[in-house]
There are 2 protein chains.
Amino acid sequence: MNKSQIKTKLTQHGHRPTASRLEVVDALLTYHGHMTADDLFEKMRDGGSNVGRMTVFRTLDLLAEIGVVRPTYGGSGAAHFVLLEDGHHHHLVCMRCSTTVEFAECSFADELSQQLANQFKFRIEGHMLEIYGVCESCQ
Amino acid sequence: MNKSQIKTKLTQHGHRPTASRLEVVDALLTYHGHMTADDLFEKMRDGGSNVGRMTVFRTLDLLAEIGVVRPTYGGSGAAHFVLLEDGHHHHLVCMRCSTTVEFAECSFADELSQQLANQFKFRIEGHMLEIYGVCESCQ
DNA sequence: CCCAAATTGATATAAAATACCAGTATGGCT
DNA sequence: AGCCATACTGGTATTTTATATCAATTTGGG
Ligand SMILES: [Zn+2]
Ligand SMILES: [Zn+2]
Ligand SMILES: [Zn+2]
Ligand SMILES: [Zn+2]
């Protein structure tokens, strides 16, 4: 998912693709997600941006609402936001040290998606597969 | 996963299945997860337990470390813990109101598990499939 | 029974998320 | 272009959540 697709998605949902929001999007794409709101805010500030901390939080919430990112827990108390490329995201996470690696293979079937949509009356927009284990150095 | 299995797992990992910890496990099984640490603490206190708040937090962390529960994001700032029955957990979550429903069907293939284990040198112990969408009442 | 190590739980502290609000930018309208 | 209603911003204050500390207690091995 690139910047202009995200911009379009914001508009489609009735939100303005303001300069501040697009700066957050740029930072997200640059660092490829997997960061807390404060991490992202600091990176942006260090990079010369003067978008406020609250705007970073709110923009991430907004992006979560429209399916661009998803908050997950990554070892600390703070939510880590991952990018949902084409609606999905898959990673392995170490249960000890929280090291995380992403992978592309997807075993989520369209038929399961259909079945769940029918059964629970959800409009399905994406998914995340999170696999737990113990990494090499923690074994 | 039942109480005695969890007890065994604690022992196997070198932790003591103390009375306080088992009270937390009981509460988890009773309320079937999907709660924050403070939620669980309050339920326990209301039920007459005098296990301390810190012990609830620490026990949940411990259970996460050995793969019994997993923290996820559940709409508020606090981590919600889900039970990993037989190592896995699957649910649908509404991107707007965070309503969550669980389902049993699993499309995670053993061969993918093998492949990832080899590729990233992880010992794989479980997974969570989280599907995002918009629930009926939010559509 | 005795001791070292693990665990507990209260309190203190830090970190993270949210509420609030006055000011600013935006887009639709005339 | 100028006006207005509304969306958005960003600072600060507050609340909520998580972690660090530490003395007291419990536990299991010798
Ligand atoms: Zn690790
Ligand atoms: Zn997928
Ligand atoms: Zn909903
Ligand atoms: Zn599964």
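To find a chain, count down the sequence lines: A is the first, B the second, and so on, and within it residues start at 1. Since this is a predicted model, take the numbers as computed values, not measurements.
Within the model, atoms CE of B:Met44 and CG of B:Leu28 stand 9.0 Å from one another, a figure rounded to the nearest 0.5 Å. Rounded to the nearest 0.5 Å, atoms CZ (B:Phe57) and CG (B:Asp38) are 4.5 Å apart. A:Arg123 CZ to B:Cys138 SG: the interatomic distance, rounded to the nearest 0.5 Å, is 10.0 Å.
Taking atom NE2 of residue B:His15 and atom P of nucleotide C:dA5, one finds them 18 Å apart after rounding to whole Å. In this structure, the CE atom of B:Met54 is 10 Å from the C1' atom of C:dT11, given to the nearest Å. The separation between A:His80 atom NE2 and C:dA15 atom C1' is 12 Å, rounded to whole Å. At whole-Å resolution of the value, CG in A:Leu62 and C1' in D:dT9 are 13 Å apart. Between the C1' atom of C:dA6 and the NE2 atom of B:His13 lies a distance of 18 Å, rounded to the nearest Å. Atom CG of A:Leu22 is separated from atom C1' of C:dA25 by 15 Å (rounded to the nearest Å). The nearest whole Å value for the distance from the CZ atom in A:Phe41 to the C1' atom in D:dT9 is 13 Å. Put simply, CZ on A:Arg58 is 10 Å from P on D:dC8, counting in whole angstrom units.
With hydrogens and angles disregarded, no donor-acceptor distance shorter than 3.5 Å links the side chain of B:Glu102 to the backbone of B:His89. Between the side chain of A:Arg70 and the backbone N or O of A:Leu84, no donor-acceptor pair lies under 3.5 Å. With A:Glu105 contributing its side chain and B:Leu116 its backbone, the two residues share no donor-acceptor pair below 3.5 Å.
The side chain of A:Arg21 places an N or O atom within less than 4.0 Å of a non-bridging phosphate oxygen (OP1 or OP2) of D:dC8. An OP1 or OP2 oxygen of C:dA16 is reached within less than 4.0 angstrom by no side-chain nitrogen or oxygen of A:Thr36.
Side-chain atoms of A:His34 and A:His80 include no donor-acceptor pair closer than 3.5 Å. Side-chain contact of A:Asn2 with A:Ser4: a donor-acceptor pair under 3.5 Å is present, judged by distance alone. Inspection of the A:Glu130 and A:His91 side chains reveals an N or O donor paired with an N or O acceptor under 3.5 Å.
Comparing A:Gly52 and B:Arg53 by the nucleotide of DNA chain D that holds the closest heavy atom to each, the one mapping nearer the 5' end is A:Gly52. Map B:Ala78 and B:Asn50 each onto its nearest nucleotide of DNA chain C; the residue landing nearer the 5' end is B:Asn50. Heavy-atom distances to DNA chain C give each of B:Gly75 and B:Val56 a nearest nucleotide, and the one nearer the 5′ end belongs to B:Val56.
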Under the rule of Watson-Crick or G-U wobble with both distances under 3.5 Å, where | means paired to another strand and [ ] a crossing pair, DNA chain C maps to ||||||||||||||||||||||||||||||

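At a threshold of 4.0 angstrom between heavy atoms, the contacts of A:Ala79 are confined to the sugar-phosphate backbone, with no base atom among them.
When distances run from any side-chain atom of A:Phe57 to the nucleotides C:dT8, D:dT17, C:dA17, the shortest one goes to C:dA17. The side chain of B:Asp61 lies closest to D:dT19, out of C:dT8, D:dT19, D:dG10.
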Given protein heavy atoms under 4.0 Å, the one-letter contact record of nucleotides 24-30 of chain D, with B base, S sugar-phosphate only and - none, is simply ---BS--

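Between B:Leu63 and B:Phe81 there is no side-chain heavy-atom pair separated by less than 4.5 Å.
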